[in-house]
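Predicted, not measured: the structure shown is a model, and the values here were computed from it.
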Amino acid sequence: MKTYKEFIAWQKAMAFVTDVYKTTLNFPKEELFGLTSQIRRAAVSIPSNFAEGFGRKGNNEFIRYIRISISSLYECQTQLEISNNIGYLNSSDFKLLYEQTKEIEVLLRGLEKKLIE
């Protein structure tokens, strides 16, 4: 691949960020600097770290940044569950976003495995 933008994992992560931003627009205004900010930053971190890792020299660095992306993904999953538990997300939005994270996780883990081999 010539650019990180060609990876399906990055493309799906970018779509996820867009969906997170759109969905969190409905969160209470008092959460703007709390959970809203946290979930958005974690979501942005997924494709950002992927792109940064791609730009580093060598597979070991790329693998390290993919793992950071996965960590941010898990952070997002936790924040989505919190948002669902306290009623900021309805069940259909939660399900959609959570399923996106699972798909991204599979793609990132698959790439990680391929780069290790």
Open item on the list: Please evaluate residues Lys102 and Glu99 with respect to the criterion salt bridge (Lys or Arg N to Asp or Glu O under 4.0 Å), reporting the C-alpha separation (whole Å), side-chain torsions for both, the decisive distance (0.1 Å), and the verdict.
Closed with: CA-CA 5 Å; Lys102 297 305 288 178; Glu99 285 179 6; over 6 Å; no
TODO: Establish whether Leu80 and Ile86 are linked, either directly or via other cluster members, by ILVMFWY side-chain heavy-atom contacts under 4.5 Å.
DONE: yes
Task: Glu6 side-chain N/O to Lys2 backbone N/O, donor-acceptor pair under 3.5 Å - done: yes
- [ ] Tell me, please, which residues at least two apart from Thr24 pass side-chain hydrogen bond (donor to acceptor under 3.5 Å, both in side chains).
- [x] Arg40
Return a table of donor-acceptor pairs under 3.5 angstrom between the side chains of residues 109-117 and protein atoms on other chains or two or more places apart.
| unit_1 | atom_1 | unit_2 | atom_2 | d |
| --- | --- | --- | --- | --- |
| Arg109 | NH1 | Glu112 | OE1 | 3.0 |
| Arg109 | NH2 | Tyr74 | OH | 3.1 |
| Glu112 | OE2 | Arg67 | NE | 2.5 |
| Glu112 | OE2 | Arg67 | NH2 | 3.2 |

- [ ] Kindly indicate whether the side chain of Ile66, heavy atoms from C-beta on, has any atom under 4.5 Å from the side chain of Ile70.
- [x] yes
Task: ring-ring contact (aromatic ring centres under 6.0 Å, His included) contacts in which one or both residues fall within residues 94-117, not counting sequence neighbours - done: Phe94-Tyr98
TODO: May I ask you to check whether Phe7 and Phe50 place their ring centers less than 6.0 Å from one another?
DONE: yes
- [ ] Would you mind listing the cluster partners of Leu32? Hydrophobic ones only (ILVMFWY), side-chain contacts under 4.5 Å, chaining allowed.
- [x] Phe33
- [ ] Starting at CD of Gln11, measure out to CD1 of Ile104 and round the result to the nearest 0.5 Å.
- [x] 11.5 Å
Task: Transitive ILVMFWY cluster of Tyr65, excluding itself - 4.5 Å side-chain cut-off - done: Ile68
Open item on the list: I'd like to check the side chain to side chain contact (heavy atoms under 4.5 Å, CB included) partners of Lys5; sequence neighbours left out, ordered by chain and number.
Closed with: Thr3, Trp10
Open item on the list: Holding to side chain to side chain contact (heavy atoms under 4.5 Å, CB included), I want the full list of residues that pass it with Glu75, two or more places apart in sequence or in another chain.
Closed with: Gln38, Ala42, Gln79
Open item on the list: Any donor-acceptor pair under 3.5 Å linking the side-chain atoms of Arg41 with those of Ser37?
Closed with: yes
Task: By ring-ring contact (aromatic ring centres under 6.0 Å, His included) - contacts of Phe27 (at least two apart) - done: Tyr88
- [ ] Examine the side chains of Glu31 and Thr36 and answer whether a donor and an acceptor come within less than 3.5 Å of each other.
- [x] no
- [ ] For residues Asn84 and Leu89, report the shortest heavy-atom separation together with the two atoms involved.
- [x] OD1-O, 3.4 Å
Open item on the list: For the CD1 atom of Ile46 and the SG atom of Cys76, what is their distance to the nearest 0.5 Å?
Closed with: 4.5 Å
Open item on the list: Restricting to salt bridge (Lys or Arg N to Asp or Glu O under 4.0 Å), what partner residues turn up for Glu103, sequence neighbours left out?
Closed with: Lys12
- [ ] Report the residues that fulfil side-chain hydrogen bond (donor to acceptor under 3.5 Å, both in side chains) with Asp19, sequence neighbours left out, ordered by chain and then residue number.
- [x] Gln100
- [ ] Say whether Leu107 and Leu73 are linked into one hydrophobic cluster, either directly or through other cluster members, by side-chain heavy-atom distances under 4.5 angstrom.
- [x] no
Task: Between CG on residue Asn49 and OG on residue Ser72, distance to nearest 0.5 Å - done: 5.5 Å
Task: Inter- and intrachain pairs under salt bridge (Lys or Arg N to Asp or Glu O under 4.0 Å), touching residues 44-54, at least two apart - done: Glu52-Arg56
- [ ] Heavy atoms only: give me the nearest Ala43-Pro47 pair and the separation to one decimal.
- [x] O-CD, 3.1 Å
Open item on the list: For a 4.5 angstrom cut-off between non-hydrogen side-chain atoms, does Thr101 reach Glu105?
Closed with: no
Open item on the list: Using 0.5 Å steps for rounding, measure from the CG atom of Leu108 to the OG atom of Ser71.
Closed with: 10.5 Å
Task: Contacts of Val44 that satisfy side chain to side chain contact (heavy atoms under 4.5 Å, CB included) - sequence neighbours left out - done: Val17, Tyr21, Ser48
Open item on the list: Applying a strict under-4.5 Å side-chain criterion to I, L, V, M, F, W and Y, I'd like to know whether Ile63 and Val106 cluster together.
Closed with: no
